[in-house]
Number of protein chains: 2
Amino acid sequence: MQTIAPELAELAGLIADPGRASILSRLMDGRAQTASELAVVAGVTPQTASWHLARLAERALLKVERRGPRRFYRLATPLVAQMLEGMMTVAAIDPRPSRPPPRIDADMRRARTCYDHLAGELGVAVTDAMRRHDHLNLDQEGGELTASGRAFLGDLGIDLHAPARSRRVLCRPCLDWSEQRLHLAGRAGAAIADLALQRDWIRRRPQGRSVEITAAGLVAFRDSFGARI
Amino acid sequence: MQTIAPELAELAGLIADPGRASILSRLMDGRAQTASELAVVAGVTPQTASWHLARLAERALLKVERRGPRRFYRLATPLVAQMLEGMMTVAAIDPRPSRPPPRIDADMRRARTCYDHLAGELGVAVTDAMRRHDHLNLDQEGGELTASGRAFLGDLGIDLHAPARSRRVLCRPCLDWSEQRLHLAGRAGAAIADLALQRDWIRRRPQGRSVEITAAGLVAFRDSFGARI
DNA sequence: TGAACATTTCGATCATGATCGAAGCGTTAC
DNA sequence: GTAACGCTTCGATCATGATCGAAATGTTCA
């Protein structure tokens with residue numbers, strides 16, 4: 001009579017440690033970081049971080065690449081990222097009256113990457129603007145670009161053709177944990193984030209996974225997307 | 001510099017206890033159960049179960065209704081169910097060569113409810129059949145019934161009109177943790193499960209959330225849906 | 001009203017897992 | 001070849017959380 005409950009508990013146990021949760025959350029920006037960087041993130045010694053990382057890698061939540069003496073760790077799969085996002089969405093809801101809601105870092109709320117696409121107020125604003133302009137249909141059920149949306153993104157220089165054999169969906173609804181509303185994920189969402197980085201509309205910060213919206217970005221998101229941020 | 005990581009860890013910690021994981025997994029069938037029933041599920045004394053349930057209810061993972069001396073607990077929201085499903089999907093993947101893959105109970109694998117819709121081989125077979133007959137488009141991106149699909153389900157006696165003010169999506173892709181493939185969720189998926197229960201095609205078991213496919217069900221799924229199970 | 005049943009609360013106990021110091025291993029540059 | 005850096009492994013320690021016995025509370029029925 002084997003159910004999935006023991007495996008569920010084990011998986012949750014891996015995430016339940018605050019140090020490991022910090023690591024996983026940090027790596028939600030899709031980047032890889034070294035073991036010693038992640039030790040700082042987790043607030044523990046390198047040896048403790050090493051032990052945590054080994055457990056996460058063993059269980060295929062993280063994957064590791066070695067470059068010289070350095071180990072770079074990143075989230076193993078988009079499925080893991082999606083799972084974590086789902087947990088964060090529930091985690092951000094705290095109905096206990098005796099506790100204030102989690103005070104979310106303002107930078108994280110304003111703009112961050114969620115694995116490979118935009119999230120926070122920025123992600124939601126861009127998504128909403130595209131919907132308002134009938135470039136995008138997106139709801140909990142799913143999402144699709146309209147013809148005008150394809151043209152719009154094409155004009156921005158985004159190539160929407162799927163890489164060969166890609167099973168990656170073009171538009172996926174992703175429930176934003178800080179806004180508790182949908183933002184655009186999938187290939188289209190990732191392409192927009194890539195573009196924004198290339199155009200220097202947003203900049204990654206050296207620490208954390210919030211991103212900075214540049215002055216040029218504010219203009220571009222307003223003028224090109226019609227997004228008020 | 002507050003991130004969501006502490007809340008994520010706390011939430012995961014609630015799920016990480018094997019007894020609590022068993023409770024949550026059991027309640028994934030959408031039904032409510034009493035505290036003493038859930039104590040048996042968790043394999044602990046009633047007082048320990050009471051303490052676990054209080055913690056889950058406090059954190060709004062479960063909600064409780066009192067009827068006389070009995071307390072009935074159920075999953076608090078579909079969002080919680082969705083989160084758990086996402087975790088189960090990752091939990092069912094164990095890449096460690098030193099460990100056999102989780103041996104999933106055969107009844108659970110064959111047919112079970114995933115909150116309010118069909119899952120396991122049955123759920124996937126019904127979904128695949130509907131896709132084969134062009135009644136349903138469903139992929140990771142999302143899903144929709146075709147015109148023939150609407151007619152098909154209408155002929156079966158399913159009313160697809162949304163209840164007033166329902167924000168419930170009609171078709172949602174749900175990645176089945178035992179099959180690692182998509183089955184149909186959303187209002188349509190739930191309606192099919194309801195119908196199957198009403199028609200006695202499937203029967204809930206007194207223990208657990210696997211469902212039994214009746215002989216009539218086998219015929220109906222084959223003849224009406226074209227699903228081989 | 002008392003008994004039976006369901007459930008909750010409290011406190012002491014114990015097991016588990018995270019921690020860091022110490023030591024060792026691997027890589028690279030000089 | 002050696003030193004510096006990055007990372008891992010091991011063992012002892014300690015804090016935390018799950019556990020159950022005991023007791024109490026709430027509901028229903030005869």
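What you see is a predicted model, and the numbers here were worked out from it, not measured in a lab. Labels below follow one simple rule: chain letters A, B, ... track the order of the sequence lines, proteins then strands, and each chain is numbered from 1. Hydrogens, waters and symmetry mates play no part in the numbers below; they use all other heavy atoms, side chains included.
Among the protein residues, B:Y73 comes within range of the sugar-phosphate backbone only, with heavy atoms under 4.0 Å from sugar or phosphate atoms but none that close to a base. Residue A:S50 is in base contact, counting any heavy-atom pair closer than 4.0 Å across all strands shown.
B:S210 and B:R205 form a side-chain donor-acceptor contact under 3.5 Å, judged by distance and modelled atom types alone. At a cut-off of 3.5 Å, with distance as the only test, no side-chain donor of A:S25 or A:S22 sits close to an acceptor on the other residue. If you check the side chains of A:S178 and A:R112, you find a donor sitting under 3.5 Å from an acceptor. At a cut-off of 3.5 Å, with distance as the only test, a side-chain donor of B:E37 or B:T34 sits close to an acceptor on the other residue.
Put simply, CZ on B:R70 is 17 Å from P on C:dA4, counting in whole angstrom units. Nucleotide C:dG17 holds its P atom 13 Å from the CD atom of A:E58, rounded to whole Å. As a whole-Å value, the separation of A:L38 CG from D:dT8 P is 10 Å. Put simply, CD on A:E10 is 15 Å from P on C:dT16, counting in whole angstrom units. If you measure from atom CZ of A:R55 to atom P of C:dT16, you get 13 Å, rounded to the nearest angstrom.
In this structure, B:I192 and B:L118 have side chains that are in contact, with non-hydrogen atoms separated by less than 4.5 Å.
Note: B:W201 and B:F221 have perpendicular aromatic rings, judged against thresholds of 30 and 60 degrees for the angle between ring planes.
For B:S36 and C:dT7, the shortest distance from a side-chain N or O to OP1 or OP2 is below 4.0 Å.
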Nucleotides 19-30 of chain D: protein proximity per nucleotide (B base, S sugar-phosphate only, - neither; heavy atom, under 4.0 Å): BBBB---BSS--
